[in-house]
J.: 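One structure coming up, written as structure tokens, with questions to follow.
So that the names make sense, note that chain A is the first sequence line, chain B the second, and so on, each numbered from 1. If you're wondering where the values come from, they're calculated on a predicted model, not measured in any experiment.
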2 protein chains.
Amino acid sequence: MPAPSSVAAAEQTSRDKILDAAEGLFAKRGYAAIGLRELAEVVGLGKSSLFHHFRTKAQLYAAVTARILVRIEARLVRSLAAGGDPLVRLERWLDDLVDLLAENPTYARVLLRSLFEDDDLPGDLPEEIEGRRAIGDMMAAVGGLLREGMGAGLFRAVHVNHFLLTLVGVTVFPFASGEFGAEVLGKDLFDPTEVRRRKREVRALLRSGLVARASR
Amino acid sequence: MPAPSSVAAAEQTSRDKILDAAEGLFAKRGYAAIGLRELAEVVGLGKSSLFHHFRTKAQLYAAVTARILVRIEARLVRSLAAGGDPLVRLERWLDDLVDLLAENPTYARVLLRSLFEDDDLPGDLPEEIEGRRAIGDMMAAVGGLLREGMGAGLFRAVHVNHFLLTLVGVTVFPFASGEFGAEVLGKDLFDPTEVRRRKREVRALLRSGLVARASR
DNA sequence: GTCTATAATAGGATAGAC
DNA sequence: GTCTATCCTATTATAGAC
């Protein structure tokens, strides 16, 4: 029973090695484009050994995305628990989310890809269900925050669900946009300076929109 | 020489049929997941016939995305040409973009996918170059509009390039988000009511952000 | 838990008849 | 311009030895 869930554990199971390698490959080239032969090569195992840890390629993929979603959810819970009024909590969460996506360049890519590639999955795998639960819980938590802020007169009257899509679009999307984002910015979005700018721009957007005050 | 570029032309060349079918399939399942055998079946041709019209699968894919980008660019030019101050022009363009994406459900999906899937392309195909030019021109046009609005004191001081990413994130992303977007909304985003709501929310975001006026 | 060997199928692309 | 036939390689997955 070697260090079952200790953070300090240096040992990494084959399962974790496979998940890590798969996350990187899927992020870069997507589900359909990655062959298990290539993945096995990166991990340093034979192709058949992968099937000992994951029954199918689809299950492996679902496990990769579920792992990311659960980690993001854990950060969300921490961010919201720190207290403050709805605006403080929302801004803290968006900052933390952007930091998390910036620290883990595979996350945004895998997540946005998984939105597009769910046709390839059977739909009833435990990993898929867990992932959908995490998404649902996160949307419910942030949606509740928006409603709380509106109830307190702190936020204007937004259409909550559309605003949730907006928030994903201004945080997750840029970090998944790859070459396009880098060309638009003229810089690497994962550079600490640009990450700070991204957070600042998101906050400013929520606080003021685009239009200058005097002209309203 | 049958009606080379007439809009009223009922005749559709094999090339156009292939592009249309490929656009639908690529939108739904992506570049790597679509086999040319399947595409040929949908078009009603033999697999080998596809190679008479497009030299490689990659070139076909690039042609599909370039065609969409050129159409969006044409709409942008029309939207901006109609005049008005920078806010009027920006809002008109965003409305038109959302309408275009709503009328053509394949567009947003193909475009966002193409951001992720450019690893599969050689990078120097004429169709890719044309697509990149269209993107560059569009970003330059909207960027110029933002700068004009800032210069006129109409917009607050934004980081132009980050704001361009934001605009793509709040317009294109939702229409590419598929099942996720539908589940968050609880409705189909392509439904006319939701399209109107999307446009209204984007305008409100630009005009006021999220935070209510009194509490600023 | 990892391996070799293999099955069964599909992939993109080409040659050449019509 | 479309077809059939073919090439070569890659795919996911299984069986069974170690």
J.: So, A/D20 and A/Q12: side-chain donor and acceptor under 3.5 Å apart, yes or no?
T.: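 Yes - a donor-acceptor pair under 3.5 Å links their side chains.
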J.: May I have all residue pairs that pass ring-ring contact (aromatic ring centres under 6.0 Å, His included) and include part of residues 38-60 of chain A, sequence neighbours excluded?
T.: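 Applying ring-ring contact (aromatic ring centres under 6.0 Å, His included) to every pair that reaches into residues 38-60 of chain A, excluding sequence neighbours, yields nothing.
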J.: Please give, in whole Å, the distance from D/dA13 C1' to A/L60 CG?
T.: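 Roughly 14 Å, once rounded to whole Å.
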J.: Is the number of heavy atoms from other residues, nucleotides or ligands within 6.0 Å of CZ (B/R55) greater than 12?
T.: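 No.
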J.: If I take atom NE2 in residue A/H53 and atom P in nucleotide C/dG1, what distance separates them, rounded to the nearest angstrom?
T.: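 Rounded to the whole Å, the gap is 6 Å.
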J.: Which of parallel (below 30°), tilted (30 to 60°) and perpendicular (above 60°) describes B/F175 and B/F190?
T.: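 Plane angle over 60°, so perpendicular.
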J.: Name every residue in residues 16-24 of chain B that has at least one heavy atom under 4.0 Å from any atom of DNA chain C, in order of residue number, or write none if there are no such residues.
T.: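 Result for residues 16-24 of chain B: none.
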J.: Enumerate, atom names and distances included, each donor-acceptor pair closer than 3.5 Å involving a side-chain atom of residues 35-50 of chain B, sequence neighbours excluded.
T.:
residue	atom	partner	partner atom	Å
B/E38	OE1	B/R29	NH2	3.0
B/E38	OE2	B/R29	NH1	3.0
B/E38	OE2	B/R29	NH2	3.4

J.: Which ring-ring contact (aromatic ring centres under 6.0 Å, His included) pairs, counting each pair once, include a residue from residues 89-133 of chain A, with sequence neighbours left out?
T.: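 Pairs touching residues 89-133 of chain A that pass the test: A/F116-B/F116.
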J.: Please give, in whole Å, the distance from C/dG16 P to B/H52 NE2?
T.: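 My rounded result for the distance is 17 Å.
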J.: Could you run through nucleotides 3-15 of chain C and give me one letter per nucleotide, 5' to 3': B if any protein heavy atom sits under 4.0 Å from the base, S if only the sugar-phosphate is that close, - if neither?
T.: BBB-----SBBBB
J.: Using a strict threshold of under 4.0 Å (side-chain N to carboxylate O), is an ion pair present between A/R75 and A/D99?
T.: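 Result for this pair is no, no salt bridge flagged.
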J.: Rounded to whole angstrom units, what separation is found between the CZ atom of A/F54 and the P atom of D/dT12?
T.: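 Going from A/F54 (CZ) to D/dT12 (P), I get 15 Å.
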J.: D/dT2 P sits how many Å from B/L39 CG, rounded?
T.: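 Nearest whole value for this atom pair: 13 Å.
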J.: Can you pull the side-chain hydrogen bond (donor to acceptor under 3.5 Å, both in side chains) pairs that have at least one residue in residues 166-187 of chain A, sequence neighbours excluded?
T.: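 side-chain hydrogen bond (donor to acceptor under 3.5 Å, both in side chains) check on residues 166-187 of chain A returns A/T166-B/R198.
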